[in-house]
Amino acid sequence: MFTLISATPSPYARKVRIALAEKQLPFTLQTEVPWDGTTQTPQYNPLEKLPVLIPEDGSPAVFESSYILEWLEAKYPEKPLLPAHDQLDARLFAKKIQVVADGICDALVLAFFEKMRAPEKQSQPWIDRQMRKVEGGLKALGDWAEQKQGEYLVGDQLGLADIAVASVCGYMACRWPDHAWADRYPALKKHCDMLEELPSFKDTRPSPQTMKDKVV
Ligand SMILES: N[C@@H](CCC(=O)N[C@@H](CS(=O)(=O)O)C(=O)NCC(=O)O)C(=O)O
């Protein structure tokens, strides 16, 4: 059915792995280090990033995690990961939560690589700017977790917002284990703990990877 190019710590790829599992779509996991010269991402994605979803019927590869999820929802609507089409505001809210979750990941990645530079080449103002986005994003997620009406962040079933939020919080736990988000946002921590017990989350827990090639 599919091959998914993924990386062990990737919060973006984890979203897709969870969605494929929730939709019971079989796939082969191809785990790579996208910064190593051995990566196959450039063969499928001009932006050279994973995740990349490769249909095994030869149709074009699908890339950019939020687009992959939109593509999956359109092509394979069962099990839905968004509220019904007549729930427009709820659908848009779920996508907004994903925007913030992914934006936190983007800022974390930028800060991570800035810190990989030689100390004298690192820009502290740039790192501070990225971490400010992380803190602001986490506060928004914390607020939404506190305000949720039911068991899930949007609507009455597991959805895109839950998947995106658990993916970024799992990434924090993996790459920034000393960060105080869990203490600062107990409702967010409680929500993620609940999600992490679901099989599709348990089976996709992130782990660090080692990069061989020099990146910055
Ligand atoms: N916006 C993209 C971001 C994907 C991304 O940054 N992927 C990283 C890997 S990871 O950070 O998710 O582990 C990558 O392939 N980076 C390679 C590069 O930026 O050259 C998405 O949501 O798919």
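One-based numbering along the sequence shown. We count ligands from 1, going down the list as the structure has it; atoms in each ligand are counted the same way.
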Side chain, backbone, both or neither: Glu64 near ligand 1, heavy atoms under 4.0 Å: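 Both parts.
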Proximity of Trp35 to ligand 1 by residue part, where a heavy atom lies under 4.0 Å: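 Under 4.0 Å from ligand 1, Trp35 contributes side-chain atoms alone.
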Lys/Arg N to Asp/Glu carboxylate O, Lys189 vs Asp193, below 4.0 Å: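 Looking at Asp193 together with Lys189, the answer is yes, because their closest N to O distance falls below 4.0 Å.
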Sidechain N-carboxylate O distance under 4.0 Å for Lys202, Glu196: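 Answer for the salt bridge query: no.
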Any side-chain donor near an acceptor of the partner, Lys79 and Gln157, under 3.5 Å: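 The answer is no; no qualifying pair exists.
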Where Val62 and Trp71 come nearest, the two heavy atoms and their spacing: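 Nearest pair, atom of Val62 first, then Trp71: CG2-CE2, 3.7 Å.
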Shortest non-hydrogen contact between Leu81 and Ile163, atoms and distance: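 Heavy atoms of Leu81 and Ile163 come nearest at CD1-CD1, 4.0 Å.
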Ring center gap for Phe113 and Trp35 short of 6.0 angstrom: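 Yes.
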Contact check: Tyr171 vs ligand 1, nitrogen or oxygen atoms, below 3.5 angstrom: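 Looking only at distances, the answer is no, because the N/O contact criterion of under 3.5 Å is not met.
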Geometric N/O contact Ser65 with ligand 1, under 3.5 angstrom: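 Between Ser65 and ligand 1 (N or O atoms, distance only) the closest approach is under 3.5 Å.
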Pro51 near ligand 1 by a heavy-atom separation under 4.0 Å: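 Checking ligand 1 against Pro51, which is what was asked, there is a heavy-atom contact under 4.0 Å.
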Tyr171 six-ring face occupied by Arg14 cation (under 6.0 Å, within 45°):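 Not satisfied by the 6.0 Å and 45° rule.
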From Pro206, Ala164, Pro34 - option closest to atom 14 (C) of ligand 1 by heavy atom: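 The residue whose heavy atom sits nearest atom 14 (C) of ligand 1 is Pro34.
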Can you pull out the closest protein heavy atom to [atom]? Residue, atom name and distance to 0.1 Å, please.
| atom | answer |
| --- | --- |
| atom 19 (O) of ligand 1 | Lys49 CE, 3.4 Å |
| atom 12 (O) of ligand 1 | Ser10 OG, 2.6 Å |
| atom 5 (C) of ligand 1 | Leu50 O, 3.5 Å |

Where ligand 1 meets Glu48 - atom numbers and elements under 4.0 angstrom, heavy-atom basis: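 Once the distances to Glu48 are compared, the set is 17 (C), 18 (C), 20 (O).
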